[in-house]
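Written below as structure tokens is the structure these notes are about.
For this chain, numbers begin at 1 and follow the sequence in order.
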Amino acid sequence: QVQLVESGGGLVQAGGSLRLSCAASGRAFSGYAVGWFRQAPGKEREFVAAISKNGRSTYYADSVKGRFTIFRDNAKPTVYLQMNNLKAADTAVYYCAANYRDIVVAPSTQYDLWGQGTQVTVSS
């Protein structure tokens with residue numbers, strides 16, 4: 001079955017940039033919408049961004065609009081999250097998740113398959 005693996009996290013200074021990758025195994029991945037979520041210790045998981053299977057529809061949380069960009073390469077297949085102008089409040093474990101019904105929505109309960117996460121730490 002399809003598996004998701006996140007990578008690209010690390011430690012950056014406030015104002016810096018990172019690009020996260022969500023790599024998938026399985027031919028069906030190109031038919032899924034994909035979302036990025038994040039969770040800080042002791043906090044609830046929150047929605048960050050999502051993209052439709054064809055890459056033409058995207059949706060962002062207000063907290064990251066204008067700073068983060070989600071895009072995908074179905075030939076690999078991989079979904080990316082480009083994060084610019086990072087803030088200390090962006091520090092969290094970032095997860096990607098697939099939605100089998102190709103819906104671009106915020107609720108985590110609407111997603112079916114999750115990766116293990118990658119740590120992003122923004123220092124000030």
Side-chain angles (χ1 to χ4, degrees):
Q1 188 55 48
V2 174
Q3 294 183 322
L4 305 180
V5 179
E6 302 93 336
S7 62
L11 173 64
V12 297
Q13 291 266 54
S17 297
L18 285 173
R19 179 177 291 181
L20 305 184
S21 299
C22 177
S25 62
R27 296 192 305 163
F29 187 64
S30 63
Y32 303 157
V34 173
W36 284 97
F37 296 79
R38 65 189 183 187
Q39 188 167 24
K43 305 293 185 181
E44 295 184 357
R45 186 169 297 183
E46 67 173 336
F47 171 78
V48 176
I51 189 168
S52 62
K53 66 180 181 181
N54 60 18
R56 289 188 281 183
S57 296
T58 58
Y59 180 45
Y60 297 91
D62 288 343
S63 60
V64 305
K65 285 180 181 177
R67 299 190 298 121
F68 292 8
T69 303
I70 187 170
F71 59 101
R72 69 190 302 161
D73 178 1
N74 283 330
K76 291 197 176 183
T78 306
V79 174
Y80 301 93
L81 184 69
Q82 178 67 44
M83 307 187 296
N84 297 328
N85 192 24
L86 284 160
K87 305 174 181 180
D90 297 317
T91 295
V93 176
Y94 283 70
Y95 300 88
C96 65
N99 184 308
Y100 298 163
R101 294 162 291 174
D102 190 30
I103 55 173
V104 183
V105 295
S108 61
T109 55
Q110 297 298 312
Y111 290 79
D112 304 293
L113 179 69
W114 294 79
Q116 294 299 305
T118 186
Q119 177 71 49
V120 172
T121 302
V122 184
S123 65
S124 57

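Between the E6 side chain and the Q116 main chain, a donor and an acceptor come within less than 3.5 Å of each other. No donor-acceptor pair closer than 3.5 Å links the side chain of N99 to the backbone N or O of G35. Proximity of a side-chain donor or acceptor of T58 to a complementary backbone N or O of I51 within less than 3.5 Å is not detected. Between the side chain of R72 and the main chain of T78, no donor-acceptor pair closer than 3.5 Å is present. Between the side chain of Y60 and the backbone N or O of I70 there is at least one donor-acceptor pair closer than 3.5 Å. In this structure, R101 contributes its side chain and Q110 its backbone to a donor-acceptor pair below 3.5 Å.
Taken from CE in M83 to OG1 in T69, the straight-line distance is 11.0 Å, to the nearest 0.5 Å. The structure places CZ of R45 at 6.5 Å from OG of S108, a figure rounded to the nearest 0.5 Å. Taking OG from S21 and CG from L81, the interatomic distance works out to 9.5 Å, rounded to the nearest 0.5 Å. N84 CG to S17 OG: the interatomic distance, rounded to the nearest 0.5 Å, is 3.5 Å. Within the model, atoms OG1 of T91 and NZ of K43 stand 12.5 Å from one another, a figure rounded to the nearest 0.5 Å. Note: Q13 CD to S124 OG = 8.0 Å, rounded to the nearest 0.5 Å.
Criterion: ILVMFWY side-chain heavy atoms under 4.5 Å apart, direct or through other members. Under it, Y95 and L86 are not part of a common hydrophobic cluster. Hydrophobic clustering of Ile, Leu, Val, Met, Phe, Trp and Tyr side chains at less than 4.5 Å, counting indirect connections, keeps V64 apart from F47. Linking ILVMFWY residues whenever their side-chain heavy atoms come closer than 4.5 Å, directly or via other members, leaves F37 and V120 in distinct clusters.
Considering every non-hydrogen atom in both V104 and A50, the closest pair reads CG1-CB, 3.6 Å. Scanning both residues, A92 and A40, for their nearest heavy atoms gives CB-N, 3.9 Å. Scanning both residues, L20 and G9, for their nearest heavy atoms gives CD2-N, 3.6 Å.
Using a 4.0 Å cut-off between a side-chain N of Lys or Arg and a carboxylate O of Asp or Glu, D62 and K65 qualify as a salt bridge.
In this structure the side chain of V34 never reaches within 4.5 angstrom of the side chain of Y111, judged on heavy atoms. In this structure, W114 and C96 have side chains that are not in contact, with every pair of non-hydrogen atoms separated by 4.5 Å or more. Inter-residue side-chain proximity for V93 and R38 is flagged as unmet; no heavy-atom pair is nearer than 4.5 Å. When side chains are defined from C-beta on, K53 does not count as touching Y32, because their heavy atoms never get closer than 4.5 Å. The shortest distance between side-chain heavy atoms of V12 and T121 does not fall below 4.5 Å. Within the 4.5 Å cutoff, the side chain of Y94 has heavy atoms near those of the W36 side chain. Looking only at side-chain heavy atoms (C-beta outward), Q82 and F71 come within less than 4.5 Å of each other. The shortest distance between side-chain heavy atoms of V48 and F68 falls below 4.5 Å.
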